[in-house]
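These notes concern the structure reproduced below.
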Amino acid sequence: MTYKRVIFMDPEIKIENVVASASFDQELDLEEIYERFEDAEYNQEKFPGVVYRLTEPKTAALIFSSGKLVCTGAKNVDDVEVAVDKVINKLREAGIEIKEKPKTVVQNIVASADLDHPLNLNSIAIGFGLESVEYEPEQFPGLVYRLDEPNVVLLLFGSGKIVCTGGKRPEDCEKGVKKVKQELKDLGLL
Amino acid sequence: RLRKWQKRARVKDSTERNLLFALGELDRMSSQLNLPKNLRETAALIYRKAVDENLIQGRSIEGVSAASLYASCRKLDVPRTLEEIAEVSRISKKEIGRTFRFISRKLNLDLNIVSPRDFIPRFCSKLNLSEKVKEKAKKIIHKAEEKNILSGKGPTGIAASSIYIASIECGEKKTQKEIAEIASVTKVTIRNRYKELVKKLGINL
DNA sequence: ATGTTACTTTACAAAGC
DNA sequence: GCTTTAAAAAGTAACAT
């Protein structure tokens, strides 16, 4: 840990949630899974997938009859793999044949960061341009800022805290935060 | 050819029927809220523009009407709360809010950011407060803006708290409950905001 | 009067209505 | 479009103590 990390991780971001998807290339009998899992939820009327929660890592898996799966709640990309492995083991223990582990694809990463400096959202909205920003304090306390490169959405708060979402890789969030930080500096708002 | 012509006539027909319905909605909501004529006209202009840009697709006419009305109030810097608009509409304030954000982005309405100051004249009038209270409340807001202690806070809550403080300072005290009802915020919010304003602006009550 | 819980916003996949 | 899942930010609201 190292040098490289210290240098390139500059705008320390904390990954709060990772959403990923995967596909077992086979159909699954959700009724069977629901019966054999002690703690799974399944209400067809409510939602077409089985909801299965893991405590370690604390995540939730949504299992569909098509054999596709969604994993949410992981605090880092590696935990997604751990969670999916546990779901596979659980399925096999329940007597459901799973040929091999599918590739997981990260679909979204939510991260938080702190600029350690209060922000004037009014000035930022005007400085960034009312057309590229959304700030409606009656509806939500955060200022919504959409970036094209990287393709992420940032929520800026008066406290200086930031939420970055929409990234596919941790670097997307890193870059996004770095970019707003620089833009704020350029406008003399930080 | 004849079919094509008939189809066009039918489309034109329904478009006109929808426009009439929307204008009727705008008029109905406007009268219920006692909005002035120029504001109704602005709302109609915004609605027509939304139709021209095909923004109604996938949205209800009532929702776009309510959002257009909210937008026109914003355009003229005499904002109503989403709560107030929702009260005279069948659409929820959540949906009116999303529709409003959508059309204001697409139509480049370039609206000013809502300032708590914009609510002072209307709220004070409803509370029968004097010109002196209005001016004092605006001064409080101005100082708070300079100190940047308003970012992210709801403008109606700040307007309400400023009025609460100003009414006491001017000897025309109104209760938190009275102000809360007119500003559509809870008394808890007024209490929290006024305590913060008093503390951070060094006001002695 | 305070405390807890819950809802607002952002992104994203999944299958089905 | 909606439904469900997760998580953060800060403000406001609703209901309980």
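Throughout, a chain's letter reflects where its sequence line sits, starting with A, and its residues are numbered from 1. All values below come from the heavy atoms of this structure, side chains included, with hydrogens, waters and symmetry mates left out.
Among the heavy atoms of the strands lying under 4.0 Å from A:Lys58 are primed sugar atoms or P, OP1, OP2 only; no base atom is included. Residue B:Gly154 is in sugar-phosphate contact alone, with no base atom involved, counting any heavy-atom pair closer than 4.0 Å across all strands shown. Within the nucleic acid shown, B:Thr156 has no heavy atom closer than 4.0 Å to any nucleic acid atom. Looking at heavy-atom distances under 4.0 Å, B:Gly152 makes contact with sugar-phosphate atoms alone, never a base.
Ring geometry for A:Tyr145 versus A:Phe128: interplanar angle of 30 to 60°, hence tilted.
Side-chain nitrogen and oxygen atoms of B:Lys153 include at least one within less than 4.0 Å of the OP1 or OP2 phosphate oxygen of D:dG11. OP1 or OP2 of D:dA13 lies within a sub-4.0 Å distance of a side-chain N or O belonging to B:Thr186. Between D:dA10 and A:Ser159, a contact under 4.0 Å exists linking OP1 or OP2 to a side-chain N or O. Within the structure, a side-chain polar atom (N or O) of B:Lys94 is placed less than 4.0 Å from OP1 or OP2 of C:dT8.
Comparing atom distances between the A:Lys161 side chain and each of D:dT5, D:dA10, D:dA8 picks out D:dA10 as nearest.
For the pair A:Phe157 and B:Asn192, both in contact range of DNA chain D, the more 5′-proximal nearest nucleotide belongs to A:Phe157.
Nucleotides D:dC2 and C:dT8 have their P atoms positioned 12 Å apart, rounded to a whole Å.
Here D:dA7 sits opposite no nucleotide as a Watson-Crick or G-U wobble pair (both hydrogen-bonding atom distances under 3.5 Å).
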(request) Treat primed atoms plus P, OP1 and OP2 as sugar-phosphate and everything else as base, then score nucleotides 10-17 of chain C 5' to 3': B for base contact with protein heavy atoms under 4.0 Å, S for sugar-phosphate contact only, - for none. (result) BBBBBB--

